[in-house]
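Note that the numbering runs from 1 along the sequence shown for the chain. Values below: all heavy atoms of this structure, side chains included; hydrogens, waters and symmetry mates excluded. Values in this document were obtained by computation on a predicted structure and should not be read as measured data.
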Amino acid sequence: MKAPPLVREPCRSCAVVSSSGQMLGSGLGAEIDSAECVLRMNQAPTVGFEADVGRRSTLRVVSHTSVPLLLRNYSHYFQHARDTLYVVWGQGRHMDRALGGRTYRTLLQLTRMYPGLQVYTFTERMMAYCDQVFQDETGKNRRQSGSFLSTGWFTMVLALELCEEIVVYGMVSDSYCREDSHPSVPYHYFEKGRLDECQMYLAHERAPRSAHRFITEKAVFSRWAKKRPIVFAHPSWRTQ
């Protein structure tokens with residue numbers, strides 16, 4: 001099945017909403033919803049958390065591994081959020097279009113079940129581009145360094161393409177988890193009492209292979225913010 005590529009008019013203002021436990025108690029929902037476009041990640045819900053994370057979802061960037069998690073609550077994501085555009089990223093056989101990979105087949109089935117649903121996937125060229133950006137920014141080959149890019153990475157790359165001004169909510173700086181005074185928050189705001197965010201970040205950063213490099217990515221985002229109109233809110237952090 002061949003579909004036309006995604007073409008969107010630029011958004012003047014974008015809110016990029018992290019899935020971090022930093023969002024709990026933030027009271028930023030109304031401010032987030034006031035942005036022209038709101039970008040969310042994976043299965044991060046809005047229902048029950050509207051006061052802190054807002055209600056609107058213009059674009060949701062989803063890992064291929066998170067597609068089954070969306071399907072568990074398909075009525076919320078696909079029936080009641082028809083204005084949301086989904087962009088799914090992934091590599092390997094599950095996303096292979098020519099061979100009819102499992103995740104790709106699932107997405108095709110979803111578009112048949114919900115004809116108005118807007119679902120796109122990263123092309124192989126775009127996936128390679130994101131790898132190259134990582135290498136250019138860090139000096140490390142993603143594969144050789146045993147690194148997996150995070151959904152946050154793909155979301156920020158898309159935001160740079162789509163948005164004129166970006167406010168990122170709930171994302172901590174690359175130095176945050178090494179500070180003694182940082183509070184403990186859950187890795188995801190919707191999974192209270194589960195993984196601690198900084199423990200997760202530090203464990204992945206230290207792992208020799210098959211790991212996300214959350215802290216390295218945030219150092220890259222900080223450099224991007226020196227050149228582009230990107231602001232980090234709650235917690236706010238300098239990009240020096």
Side-chain angles (χ1 to χ4, degrees), residues 3 5-6 16 18-20 39-44 59-70 86-108 119-162 166 168 171-178 187-188 195-228 230 239:
L6 171 63
V16 173
S18 166
S19 303
S20 165
L39 284 67
R40 303 187 190 274
M41 305 174 206
N42 292 324
Q43 77 277 21
L59 190 148
R60 190 176 284 270
V61 184
V62 181
S63 162
H64 67 105
T65 59
S66 293
V67 171
L69 300 177
L70 296 179
Y86 292 83
V87 182
V88 182
W89 68 270
Q91 293 174 315
R93 66 185 187 279
H94 294 311
M95 291 293 291
D96 194 294
R97 302 181 187 195
L99 299 177
R102 181 190 304 170
T103 304
Y104 190 69
R105 290 200 313 270
T106 299
L107 297 176
L108 282 179
V119 180
Y120 290 83
T121 61
F122 273 72
T123 62
E124 290 183 14
R125 179 183 295 179
M126 187 63 176
M127 293 296 295
Y129 169 76
C130 289
D131 278 356
Q132 188 61 51
V133 171
F134 180 82
Q135 183 164 330
D136 292 344
E137 292 284 356
T138 65
K140 296 180 180 180
N141 179 276
R142 184 192 65 77
R143 293 178 183 273
Q144 293 175 1
S145 62
S147 304
F148 288 132
L149 298 176
S150 73
T151 299
W153 179 269
F154 292 102
T155 304
M156 287 295 285
V157 170
L158 272 183
L160 287 173
E161 297 285 332
L162 180 67
I166 302 167
V168 185
M171 188 179 288
V172 300
S173 70
D174 58 301
S175 62
Y176 180 90
C177 290
R178 296 188 175 96
Y187 176 55
H188 289 147
L195 298 168
D196 176 84
E197 179 179 62
C198 280
Q199 288 180 3
M200 184 78 159
Y201 283 9
L202 291 168
H204 271 266
E205 199 71 19
R206 294 165 180 158
R209 64 184 66 85
S210 301
H212 291 300
R213 309 301 181 190
F214 296 112
I215 294 173
T216 295
E217 289 183 2
K218 287 164 177 56
V220 173
F221 299 159
S222 179
R223 291 199 296 274
W224 289 350
K226 296 174 184 176
K227 305 172 184 176
R228 296 285 298 270
I230 303 173
T239 53

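V62 places none of its side-chain heavy atoms less than 4.5 Å from the side chain of L69. Residues M41 and R60 form no side-chain contact, since every pair of their non-hydrogen atoms from C-beta on lies 4.5 Å or further apart. Taking 4.5 Å as the limit, every side-chain heavy atom of V133 sits out of range of all side-chain heavy atoms of M156. Residues T65 and T103 form no side-chain contact, since every pair of their non-hydrogen atoms from C-beta on lies 4.5 Å or further apart.
When all heavy atoms of S150 and F214 are compared, the pair lying nearest together is CB-CE2, 3.9 Å. Across all non-hydrogen atoms, the minimal contact from S66 to Q43 is OG-OE1, 3.8 Å. When all heavy atoms of Y104 and D96 are compared, the pair lying nearest together is CB-O, 4.1 Å. When all heavy atoms are compared, the tightest approach of G90 to H64 is CA-CD2, 3.4 Å. Residue T151 comes nearest to V61 through the heavy atom pair CG2-O, 3.4 Å, listed as atom of the first residue, atom of the second, then distance. Scanning all heavy atoms of the two residues, the minimum distance from L39 to A159 falls at CD2-CB, 4.0 Å.
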Using the side-chain contact (heavy atoms from CB on, under 4.5 Å) rule, take H94 and V67 through it: C-alpha gap first, then chi angles, then the decisive distance, then the call.
CA-CA 11 Å; H94 294 311; V67 171; over 6 Å; no
Output, in order, the C-alpha distance, side-chain angles, deciding distance and verdict of side-chain contact (heavy atoms from CB on, under 4.5 Å) for L149 and E217.
CA-CA 8 Å; L149 298 176; E217 289 183 2; 4.1 Å; yes
The test is side-chain contact (heavy atoms from CB on, under 4.5 Å); show your working for V157 and Y129 and say whether it passes.
CA-CA 10 Å; V157 170; Y129 169 76; 4.0 Å; yes
Please determine whether side-chain contact (heavy atoms from CB on, under 4.5 Å) holds for the pair I230 and V16, giving the CA-CA distance in whole Å, both sets of side-chain angles, and the decisive distance to 0.1 Å.
CA-CA 10 Å; I230 303 173; V16 173; over 6 Å; no
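Listed by first and then second residue, the salt bridge (charged side-chain N to carboxylate O under 4.0 Å, His left out) pairs that reach into residues 132-141 are E137-R223, sequence neighbours excluded. Applying the salt bridge (charged side-chain N to carboxylate O under 4.0 Å, His left out) rule to pairs touching residues 146-157 yields nothing, sequence neighbours excluded.
For R142, the CZ atom is densely surrounded, since the number of other residues' heavy atoms within 6.0 Å is greater than 12. Other residues, nucleotides and ligands contribute more than 12 heavy atoms inside 6.0 Å of the CD atom of Q132.
With values rounded to the nearest 0.5 angstrom, I215 atom CD1 is found 4.5 Å from L202 atom CG. Here the OG atom belonging to S147 is positioned 11.5 Å from the NE2 atom belonging to H204, to the nearest 0.5 angstrom. Atom CG of N42 and atom NE2 of H188 lie 7.0 Å apart (nearest 0.5 Å). Here the NZ atom belonging to K218 is positioned 8.5 Å from the SG atom belonging to C177, to the nearest 0.5 angstrom. To the nearest 0.5 Å, the span separating CD on Q135 from CZ on R143 amounts to 11.5 Å. Taken from CD in E197 to OH in Y176, the straight-line distance is 7.0 Å, to the nearest 0.5 Å.
When W89, W224, F148 are each tested for a ring pair (Phe, Tyr, Trp, His ring centres under 6.0 Å) with W153, only one passes: W224.
F122 is linked by a ring-ring contact (aromatic ring centres under 6.0 Å, His included) to F154, counting only residues two or more places apart in sequence or in another chain.
Between the side chains of T121 and R97, at least one donor N or O lies within less than 3.5 Å of an accepting N or O.
With R40 contributing its side chain and L59 its backbone, the two residues share no donor-acceptor pair below 3.5 Å.
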